[in-house]
Amino acid sequence: MPSPFRSRALAVVSSIPVGTVMSYGDVAAAAGAPRAARQVGYALADLAGHTDVPWHRVVRASGALALAESTTGALLQRARLEAEGVPWRGDRVDIGRCRHVAEPLKSP
DNA sequence: TCTGTGACCGCGG
DNA sequence: ACCGCGGCCACAG
């Protein structure tokens, strides 16, 4: 079983609408731990793909992708986001136009 | 208990 | 706009 913070973070990620993104910090805040952005990355890293959680909708606060450029993961993430119609500005997401604001999770 | 770690954040130069 | 740096904190061993 996932740890409590982890499952909450994943629940938040699952709630991100198609065509929008959230930053790691945003997800952490919505999950109830505003400064645990790194933990969100930790949680997503453990998924390693075998899941239906839309991990590709989580990017850095700057709009840049977290994964190193040219890795298969980064390419997949970019392809999926483009397919969803997310606006780009060079090599990063135009965070100002597709950022999703989530309300905090109700039952912690 | 204590320590190291990381798909981060945001400020200052 | 691009670094570098210190701070963060849940989690594993």
**Message:** Regarding R92(A), tell me which of base, sugar-phosphate or nothing describes its non-hydrogen contacts under 4.0 Å with the strands shown.
**Reply:**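 Touches sugar-phosphate only.
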
**Asked** When we call it a touch if two heavy atoms are under 4.0 Å apart, what does Y24(A) touch: a base, just sugar-phosphate, or nothing?
**Response**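 If one applies the 4.0 Å heavy-atom cut-off, Y24(A) turns out to touch a base.
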
**Prompt:** If you group Ile, Leu, Val, Met, Phe, Trp and Tyr by side-chain heavy-atom gaps below 4.5 Å, do I16(A) and W55(A) land in one group?
**Reply:**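 Shared cluster, yes.
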
**Prompt:** Transitively linked via ILVMFWY side-chain contacts under 4.5 Å: Y42(A) with Y24(A)?
**Reply:**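 They do not share one cluster, since no chain of ILVMFWY contacts under 4.5 Å joins Y42(A) to Y24(A).
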
**Request:** Among residues two or more places apart or on two chains, list those pairs meeting salt bridge (Lys or Arg N to Asp or Glu O under 4.0 Å) that have a residue in residues 16-30 of chain A.
**Result:**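 Passing the test, one end in residues 16-30 of chain A: D26(A)-R99(A).
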
**Prompt:** Among pairs that include at least one residue of residues 14-25 of chain A, which meet salt bridge (Lys or Arg N to Asp or Glu O under 4.0 Å), considering only residues two or more places apart or in two chains?
**Reply:**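 Every pair satisfying salt bridge (Lys or Arg N to Asp or Glu O under 4.0 Å) with a residue in residues 14-25 of chain A: there are none.
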
**Within residues 30-44 of chain A, residues whose heavy atoms come under 4.0 Å of DNA chain C** =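 Heavy-atom contacts with DNA chain C come from R35(A), R38(A), Q39(A).
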
**Request:** List in numerical order all residues of residues 61-86 of chain A for which some heavy atom is under 4.0 Å away from an atom belonging to DNA chain C.
**Result:**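 Close to the strand, none.
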
**Request:** Would you grab the first and last nucleotide of DNA chain B (5' to 3') that comes under 4.0 Å of any non-hydrogen atom in chain A?
**Result:**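 Result: dG6(B) to dG10(B).
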
**Asked** Can you name the side chain to side chain contact (heavy atoms under 4.5 Å, CB included) partners of A43(A), sequence neighbours left out?
**Response**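 R6(A).
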
**Residues which pass side chain to side chain contact (heavy atoms under 4.5 Å, CB included) with L75(A), listed by chain and number, not counting sequence neighbours** =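 Side chain to side chain contact (heavy atoms under 4.5 Å, CB included) check on L75(A) returns nothing, list empty.
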
Residues 87-96 of chain A, side-chain donor-acceptor partners within the protein, below 3.5 Å, at least two apart:
{"residue": "W88(A)", "atom": "NE1", "partner": "V86(A)", "partner atom": "O", "Å": "3.4"}
{"residue": "D94(A)", "atom": "OD1", "partner": "G96(A)", "partner atom": "N", "Å": "3.3"}
{"residue": "D94(A)", "atom": "OD2", "partner": "R97(A)", "partner atom": "NE", "Å": "3.4"}

**Prompt:** Under the 4.5 Å side-chain heavy-atom rule for ILVMFWY, direct or indirect, which residues accompany V18(A)?
**Reply:**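 Its cluster partners, ordered by chain and number, are none at all.
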
**Inter-nucleotide C1' distance (dA7(B), dG13(C)), Å rounded** =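 To the nearest whole Å, 22 Å.
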
May I have the list of side-chain donor-acceptor pairs in residues 32-39 of chain A shorter than 3.5 Å, sequence neighbours left out?
none

**Item:** side chain to side chain donor-acceptor pair (under 3.5 Å) contacts touching residues 57-77 of chain A (sequence neighbours left out)
**Value:**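 Sorted pair list: R57(A)-E84(A).
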
**N or O in side chain of S3(A) less than 4.0 angstrom from dC11(C) OP1/OP2** =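 For dC11(C), OP1/OP2 do have a side-chain N/O of S3(A) under 4.0 Å.
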
